[in-house]
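Please read all numbers here as calculations on a predicted model, not as lab measurements. Whatever order the structure lists ligands and atoms in, that order sets their numbers, starting from 1. Residue numbers count from 1 along this sequence.
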Amino acid sequence: MDVYVNGQWTDRDSATVDIEDRAHVFGDGIYEVIRVYGGVFYERDGHLDRFERSAREIGIKLPVTREELLQLLHEGIRRNAVHDGTIYFQVSRGVAARKHPFPDPEVKASLMITTKEAPRPVEAMEKGVSAITCEDIRWLRCDIKSLNLLGNVMANQKAVEAGAFEAIQHRAEVVTEGSHSNVMMVKDGTVYTHPANNLILNGITRMRVLALCKENGIEVQERECTLSEYESADEVFFTGTTVEVMPVISINGTSVSNGTVGPVARQLQKAFEEDIEVQTKEVKLL
Ligand code: PDD
């Protein structure tokens, strides 16, 4: 696999990163993951917008223009012949002696790009998955797609150790999101999910799924829901670039509703699949 690092493409095995890059001493940077279907980006512009926003929010000046970044992302897909997979890209505040304040004088931010071939999680989406709940211990700017993922890593590891697919995080009684996905619940036909504020990442898939709800006449309420509301929901599902619309059939070992995938999740999976087809076909025609 070819990766982009230090301003050039190089083989993954010979790629190196400076020991004083702020990405790994402070997690001082931001990232994005874009899904690739049939060699074509899905929701590309939404991810690029969020990437630029994350950089702005933490005062990082991106080392490339949007057009240059786009060209590099296309180059990554082409070089590695990614068919169904993801492209990962991150920018850190650059290389400087380890001191907490931003480097002064300013240094050039470091851009890194990698790709991965990954099939769609078809079987898990068909059957549904299990989840655990855990306390959301993260900082108060979860809206920034920061490289600091320790809270997310700890939550995901708890899920893995419990044999579950994903963790549903909560602050006190309020459900926020998954460790690498957003979470939604359905009650009496209405889809509920946490409002897009500083306590969650406003997922590109989240926004797309909420738009698909509206297009399909499904009512949406973006409001705080409690753990007990989730536990007595008709349906629960995760959304995200890598998980698409992933139904949750059990939480902490107890079935959600009757323990099977519900009709709203099924309807949204179908709408999502159609959306992938439409978006990727449109791009191919351009
Ligand atoms: N994670 N919330 C968190 C904490 C996430 O890390 C992600 C995505 C999402 C879903 O966002 P989107 O729909 O834009 O992918 C929500 C990526 C895929 C990751 O870290 O690998």
Side-chain angles (χ1 to χ4, degrees), residues 23 27 29-37 41-54 57 73 82 84-91 112-121 124-125 129 131-160 165-171 174-185 191 193-213 222 236-246 248 268-269 271-272 275-276 279:
I30 48 137
Y31 78 103
E32 275 298 328
V33 184
I34 308 184
R35 196 72 168 95
V36 177
Y37 294 113
F41 292 121
Y42 179 69
E43 288 289 307
R44 185 196 72 186
D45 293 346
H47 286 278
L48 292 179
D49 289 345
R50 187 172 64 189
F51 190 61
E52 289 171 354
R53 176 184 184 274
S54 294
E57 290 296 314
L73 296 177
V82 180
D84 281 334
T86 52
I87 190 154
Y88 172 91
F89 49 109
Q90 71 166 49
V91 161
M112 200 189 91
I113 305 172
T114 60
T115 64
K116 186 158 95 182
E117 192 65 32
R120 297 181 57 208
M125 284 197 292
V129 296
I132 57 148
T133 57
C134 78
E135 187 69 41
D136 190 340
I137 59 165
R138 300 172 304 158
W139 71 331
L140 297 174
R141 289 304 307 273
C142 297
D143 55 310
I144 298 170
K145 205 158 171 58
S146 146
L147 295 178
N148 277 281
L149 290 177
L150 194 49
N152 308 61
V153 165
M154 301 294 282
N156 199 266
Q157 181 61 20
K158 276 196 183 132
V160 168
F165 174 84
E166 172 61 309
I168 298 174
Q169 301 182 92
H170 56 92
R171 283 192 197 263
V174 174
V175 168
T176 51
E177 62 179 334
S179 71
H180 64 300
S181 61
N182 292 110
V183 68
M184 304 191 181
M185 59 164 250
V191 169
T193 196
H194 196 283
N197 61 15
N198 62 310
L199 299 182
I200 66 159
L201 183 77
N202 190 6
I204 305 302
T205 322
R206 173 189 183 279
M207 289 191 270
R208 198 65 208 120
V209 167
L210 295 183
L212 291 173
C213 284
E222 292 175 68
V236 173
F237 55 89
F238 294 112
T239 65
T241 294
T242 50
V243 304
E244 300 189 3
V245 176
M246 185 62 75
V248 178
L268 289 171
Q269 284 177 332
F272 192 78
D275 194 54
I276 294 170
Q279 275 200 33

Enumerated ligand 1 atoms positioned under 4.0 Å from heavy atoms of [X]:
{"X": "G203", "answer": "11 (O), 12 (P), 13 (O), 14 (O)"}
{"X": "T241", "answer": "12 (P), 13 (O), 14 (O), 15 (O)"}
{"X": "E177", "answer": "2 (N), 3 (C), 4 (C), 16 (C)"}
{"X": "S179", "answer": "4 (C)"}
{"X": "V33", "answer": "19 (C), 21 (O)"}

Which heavy atom of [X] sits nearest to which heavy atom of [Y], and what is that distance?
{"X": "A23", "Y": "L147", "result": "CB-CD1, 3.9 Å"}
{"X": "E166", "Y": "N156", "result": "OE1-ND2, 3.4 Å"}
{"X": "N152", "Y": "N148", "result": "OD1-O, 4.4 Å"}

Quick check: [X] and ligand 1, any N/O pair under 3.5 Å apart?
{"X": "T242", "result": "no"}
{"X": "T239", "result": "no"}
{"X": "N152", "result": "no"}
{"X": "Y31", "result": "yes"}

Check whether any heavy atom of [X] sits under 4.0 Å from an atom of ligand 1.
{"X": "K145", "result": "yes"}
{"X": "C142", "result": "no"}
{"X": "Y88", "result": "no"}
{"X": "R35", "result": "no"}

Nearest protein heavy atom with distance in Å, relative to atom 10 (C) of ligand 1 =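 So the nearest neighbour among protein heavy atoms is N182 OD1, 3.7 Å.
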Distance from atom 13 (O) of ligand 1 to nearest protein heavy atom, with residue and atom |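 Checked against all protein heavy atoms, atom 13 (O) of ligand 1 sits closest to T205 OG1, 2.5 Å.
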So does [X] pair up with [Y], basic N to acidic O under 4.0 Å?
{"X": "E57", "Y": "R141", "result": "yes"}
{"X": "D84", "Y": "R35", "result": "no"}
{"X": "E135", "Y": "K158", "result": "no"}

Does some side-chain heavy atom of T205 sit less than 4.5 Å from a side-chain heavy atom of F272?
->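 A side-chain contact under 4.5 Å exists here.
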Are F51 and Y31 close enough that their ring centres sit under 6.0 Å apart?
->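 No - the distance between ring centres of F51 and Y31 does not fall below the 6.0 Å cut-off.
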Take D136 and T176 through the side-chain hydrogen bond (donor to acceptor under 3.5 Å, both in side chains) test and state the conclusion after the steps.
-> CA-CA 8 Å; D136 190 340; T176 51; 2.7 Å; yes
Worked check of side-chain contact (heavy atoms from CB on, under 4.5 Å) between Q169 and R138 | CA-CA 10 Å; Q169 301 182 92; R138 300 172 304 158; 3.6 Å; yes
